[in-house]
Amino acid sequence: MAGVAGSNPAAPKILHAASLPRGKMMNENKYSLETLRHSAAHIMAAAVQRLYKDVRFAIGPSIENGFYYDFDLEAAIRPEDFKKISAEMQKIIKEKLPFRRYSLKKAEALKFFSEKGQIYKTELINEIKDEELSLYELGDFTDLCRGPHIEHSGELRNFQLLDIAGAYWRGSEKNKMLQRVYGTAFFTKDDLMKYVKFLEEAKKRDHRVIGKHLFSIHPESGPGLIYWHPDGAQLLEIIEGFWKKEHLRNGYQLVRTPHVASEELYRISGHLENYSEMMYSSMDIEGKPYRVRPMNCPGHIKIYSSSLHSYRDLPVRLAELGTVYRFEKSGVLHGLLRVRGFTIDDAHIIVSEEQVMKEIESVFDFALKFLSAFGFKEFKIYISTRPEKKYVGDLKNWALAEDALRKAVESKNIDYEMDEGGGAFYGPKIDIKIKDALGRLWQCSTIQFDFNLPDRFSMFYIDEKGEKRTPFMIHRAILGSIERFVGMLTEQYAANFPLWLAPQQLRIVTINEKNIVAAEKILERLLDAGIRVSLDSRNLSLNKKIRNAITEHVPYVGIIGDKEADSGNIALRDRKADVGSFSAEDLIKKFRDGIDNLQ
RNA sequence: GCCGGCGUAGCUCAGCUGGUAGAGCAGCGGUUUUGUAAACCGCUGGUCGGGGGUUCGAUUCCUCUCGCCGGCUCCA
């Protein structure tokens, strides 16, 4: 449907919406929501078959929040066509067509679909091992399908088509691009409306719309490159200041490393070999090739290796808000969430084998505490283990590292999922996803072992016996990319940041000209106290100035009229209403408490 | 990169089947001096993303290109 937005930001993905009926939930009948949605996909396919000529059907599963079906057809389906397709679906629903199951021999099924020219179905059948397989018939639409389904089409009541998109057959960009139509279905009208509302709410919070005052992107300077405006830069300043303070308090040392380096460095690190498709091409500096950095690790390693380290020095924790540049295909760029230049809140921890377990636990702990300071309380954890084939490092180390990751997570009593074989070639990792105010999951933190770089850079420390030993290295980022994190925060709070994060905390407004002098005095006082405050003494109505402050997402407005000019107090209101009158001291204290509570 | 859609003032948007553009907000100038979310009047502002083409004439049609949006693939 044209009016209802296409749901989710491209990346990170919204994995599910909270408080919506999902998964295994049964209705009063015998069906799961998946069954309902999967049946809805069949009904949609049947409608498409009626409306379009020469449709080839690919697959049509139920997904997290609905269903889709992939079609291969000449004519392009456009959002305007949803009305037509929905109407045809309604007809099918009215017809109460039964879903009939047929069991066929593989050869028969092959014959059936190849006669219809359904090449995708025959491809699928050829890969099925069983000799018997099932087809489901719905009117004149018959599909290869394991089932189960609802009894008849009349049981689908509440559905909506949402989006149309291109999708590669079997998800590979080498294959043909098909047309995917997304929709959703629920048991009750109420649930459907709730979901549509959720999509609308998510759209309203889109950081690209609501965060226009924070940043911009300029085509003539290049897509995926962020310009931070005063409010945005102020927000970064606050986040980064908090980040630095907390890192220093937790045993990290801050470092800074160059944004470009000779190719030699990336040859040693293996980036040229393994990561070059993400790197910008080389630039010539006095005949030598240089590269803009895609990662910060080599720089941190150079710092580690420029002095000798005793086992007593470990762990060494080097941290940097390191801006990196990576080539991302134009089609994947998305506001602040997916960009070409971004800042990783990066750290590399060099530890001995004996320290690994404890260190992982404390990093994990630190990450959770850090994120919860920003108002995120719910997390989902993924542990990714060694890939089957492509990996470096010995099995003993992998086992040790994987064990450390698992124990760290288990010690926190948080649910986690294993992603077997999902680790990087250089080591296993923990990813932390956070759940936002709308129940969406976002990937930020990652804690990764690296069995590759210590070796490549011949890193070592001197052990108790005076012998050189290769340390373990852990990469970790808590916020991930600061750009992405700000994007998420903006959506989490709908740009109404809590006091400690608000780029502007207070707007003082005057009622008439006579109050300006008093207001300026108070302004100076509050500025001295470190409050992020500004004064609006323009010749506008009080209401207008309040409205401006609120629409600019300033959390508090301090009003100075004749009464306040006399008493020296400030009449304070938040985004909703009057919250009382305060002396400058009280107000400063209140604001400081607001800040300190969170830190 | 791929499929589809979109691109009109700083912002949000109108502009029917081709006859060189309009509104609200913002900005500027006045009037007004205001008590908790938009005072009033006036004015300025656009080579209709860019190039090429069709046409007597294109914001409107065709084409190329750039960018954006929704997905796919990929990822912090």
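As the structure is a prediction and not an experimental result, all values here were calculated from the model. All values below come from the heavy atoms of this structure, side chains included, with hydrogens, waters and symmetry mates left out. Quick note on labels: first sequence line is chain A, next is B, and so on, each numbered from 1.
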Open item on the list: Under 4.0 Å, counting only non-hydrogen atoms across every strand here, what does A:D578 touch: a base, just sugar-phosphate, or nothing?
Closed with: base

Task: Whole-angstrom distance between B:rU44 and B:rG30, as gauged at atom C1' - done: 14 Å

Task: Close side-chain approach of A:F159 and A:M44, heavy atoms under 4.5 Å - done: no

Task: Partner nucleotide of B:rU54 by Watson-Crick or wobble geometry (both distances under 3.5 Å) - done: none

Task: Nearest-Å distance once atom C1' is located in both B:rC66 and B:rG50 - done: 7 Å

Open item on the list: Below the 4.0 Å mark, does B:rG1 have OP1 or OP2 next to a side-chain nitrogen or oxygen of A:S330?
Closed with: yes

- [ ] Return no unless some side-chain N or O of A:S541 is found under 4.0 Å from OP1 or OP2 of B:rA39.
- [x] yes

TODO: Identify whether any heavy atom of A:I511 sits under 4.0 Å from a base atom; if not, whether one sits that close to sugar-phosphate; answer base, sugar-phosphate or nothing.
DONE: base

- [ ] Using the C1' atom as the reference point in each nucleotide, state the distance between B:rA9 and B:rG46 in Å, no decimals.
- [x] 5 Å

Task: Partner nucleotide, any strand, of B:rG10 [Watson-Crick/G-U, under 3.5 Å] - done: B:rC25

- [ ] Under 4.0 Å between any heavy atoms, over every strand shown, what does A:G331 touch: base, sugar-phosphate, or nothing? Just pick one.
- [x] base

Task: N or O in side chain of A:R326 less than 4.0 angstrom from B:rC75 OP1/OP2 - done: no

Open item on the list: When you measure from the side-chain N and O atoms of A:H334 to the phosphate of B:rG70, is any distance below 4.0 Å, counting only OP1 and OP2?
Closed with: yes

Open item on the list: What's A:V339 touching, base or sugar-phosphate or nothing? Going by heavy atoms closer than 4.0 Å.
Closed with: base

Task: Heavy-atom side-chain contact between A:L124 and A:I59 under 4.5 Å - done: yes

Task: Side-chain N,O (A:R208) to OP1/OP2 (B:rG70) below 4.0 Å - done: yes

TODO: Would you mind telling me which residue lines up with the more 5' stretch of RNA chain B, A:K576 or A:E483, judged by nearest nucleotide?
DONE: A:K576

Open item on the list: Check whether A:Y266 forms a cation-pi arrangement with A:R291 (NZ or CZ under 6.0 Å from the six-membered ring centre, at most 45° off the ring normal).
Closed with: no

- [ ] Give a yes or no on whether a donor-acceptor pair under 3.5 Å exists between the nucleobase atoms of B:rG1, that is its base, and the side chain of A:E277.
- [x] no

Task: Side-chain heavy atoms of A:D450 within contact of A:C297, under 4.5 Å - done: no

Open item on the list: Using a 4.0 Å heavy-atom cut-off, does A:E564 contact any base of the nucleic acid, only the sugar-phosphate backbone, or nothing at all?
Closed with: base

Open item on the list: Please report the distance separating the P of B:rU8 from the corresponding atom of B:rC43, rounded so that it comes out in whole Å.
Closed with: 26 Å

- [ ] Indicate, with a heavy-atom threshold strictly under 4.0 Å, whether A:Q179 touches base, sugar-phosphate, or nothing.
- [x] nothing

Task: Nucleotide of B:rG1, B:rC75, B:rG35 approaching A:K329 most closely (side-chain heavy atoms) - done: B:rG1

TODO: Can you tell me the pairing partner of B:rG46 across any strand shown, Watson-Crick or G-U wobble, with both distances under 3.5 angstrom?
DONE: none

Task: Short side-chain N/O contact from A:Y182 to OP1 or OP2 of B:rG4, under 4.0 Å - done: no

Open item on the list: With a cut-off of less than 4.0 Å, is there a side-chain N or O of A:R573 near OP1 or OP2 of B:rA37?
Closed with: yes

Task: Side-chain N or O of A:K212 closer than 4.0 Å to phosphate OP1/OP2 of B:rU12 - done: yes

Open item on the list: What's the gap between B:rG1 and B:rC74 when it is taken at their C1' atoms, as a whole Å value?
Closed with: 10 Å

Open item on the list: Which nucleotide, if any, forms a Watson-Crick or G-U wobble pair with B:rG1, using both distances under 3.5 Å?
Closed with: B:rC72

- [ ] For this output row, return yes or no: ring centroids of A:Y252 and A:F366 closer than 6.0 angstrom.
- [x] yes

Open item on the list: From CE of A:M177 over to C1' of B:rG1, roughly how many Å is that when rounded to an integer?
Closed with: 9 Å

Task: Integer-rounded Å distance: B:rU36 P and A:N543 CG - done: 6 Å

TODO: Answer yes or no: is there an ion pair linking A:E88 with A:K84, defined by an N-O contact shorter than 4.0 Å?
DONE: no

Open item on the list: Side chains of A:W442 and A:E491: any donor to acceptor distance under 3.5 Å?
Closed with: no

- [ ] Can you tell me the distance, in whole Å, between the CG atom of A:L336 and the P atom of B:rC69?
- [x] 11 Å

Open item on the list: Categorize A:A577 for me: base, sugar-phosphate, or nothing, with a 4.0 angstrom heavy-atom threshold over every strand shown.
Closed with: nothing

TODO: Please evaluate the base of B:rA76 for a donor-acceptor partner in the side chain of A:Q448 within a cut-off of under 3.5 Å?
DONE: no

TODO: Measure from the side-chain heavy atoms of A:A571 and tell me the nearest of B:rG35, B:rG1, B:rC75.
DONE: B:rG35

Task: Opposite nucleotide pairing with B:rU33, Watson-Crick or G-U, both atom distances under 3.5 Å - done: none

Open item on the list: Heavy atoms only, 4.0 Å cut-off, all strands: where does A:L540 land among base, sugar-phosphate and nothing?
Closed with: base

Task: Whole-Å C1' distance, B:rC6 and B:rU31 - done: 43 Å

TODO: May I have the distance from A:K545 (atom NZ) to B:rU36 (atom P), rounded to whole angstrom?
DONE: 14 Å

Open item on the list: Measuring only the P atom in each nucleotide, how far is B:rG7 from B:rU63? A whole number of Å is fine.
Closed with: 16 Å

Task: Euclidean distance, atom CD1 of residue A:I217 to atom P of B:rC69 [Å, nearest integer] - done: 7 Å

TODO: For B:rU47 versus B:rC11, give the span between their P atoms, rounded off to a whole number of Å.
DONE: 13 Å

Open item on the list: Both A:G480 and A:P223 contact RNA chain B. Taking the nearest nucleotide for each, which residue is further toward the 5' end?
Closed with: A:P223

Task: A:F374 and A:F242: CA distance, side-chain angles, deciding distance, ring-ring contact (aromatic ring centres under 6.0 Å, His included) verdict - done: CA-CA 11 Å; A:F374 289 88; A:F242 177 60; 5.6 Å; yes

Open item on the list: Whole angstroms only, please: what is the CG-P distance between A:N515 and B:rU36?
Closed with: 14 Å

Task: For atom NZ of A:K176 and atom P of B:rG4, their distance in whole Å - done: 11 Å

Task: Phosphate OP1/OP2 of B:rG27: any A:R538 side-chain N/O under 4.0 Å - done: yes

- [ ] Grab the CG-P distance between A:D562 and B:rG35 for me, whole Å please.
- [x] 10 Å

Open item on the list: Could you check whether A:R180 makes a cation-pi contact with A:Y68, meaning its NZ or CZ is under 6.0 Å from the centre of the six-membered ring and within 45° of the ring axis?
Closed with: yes

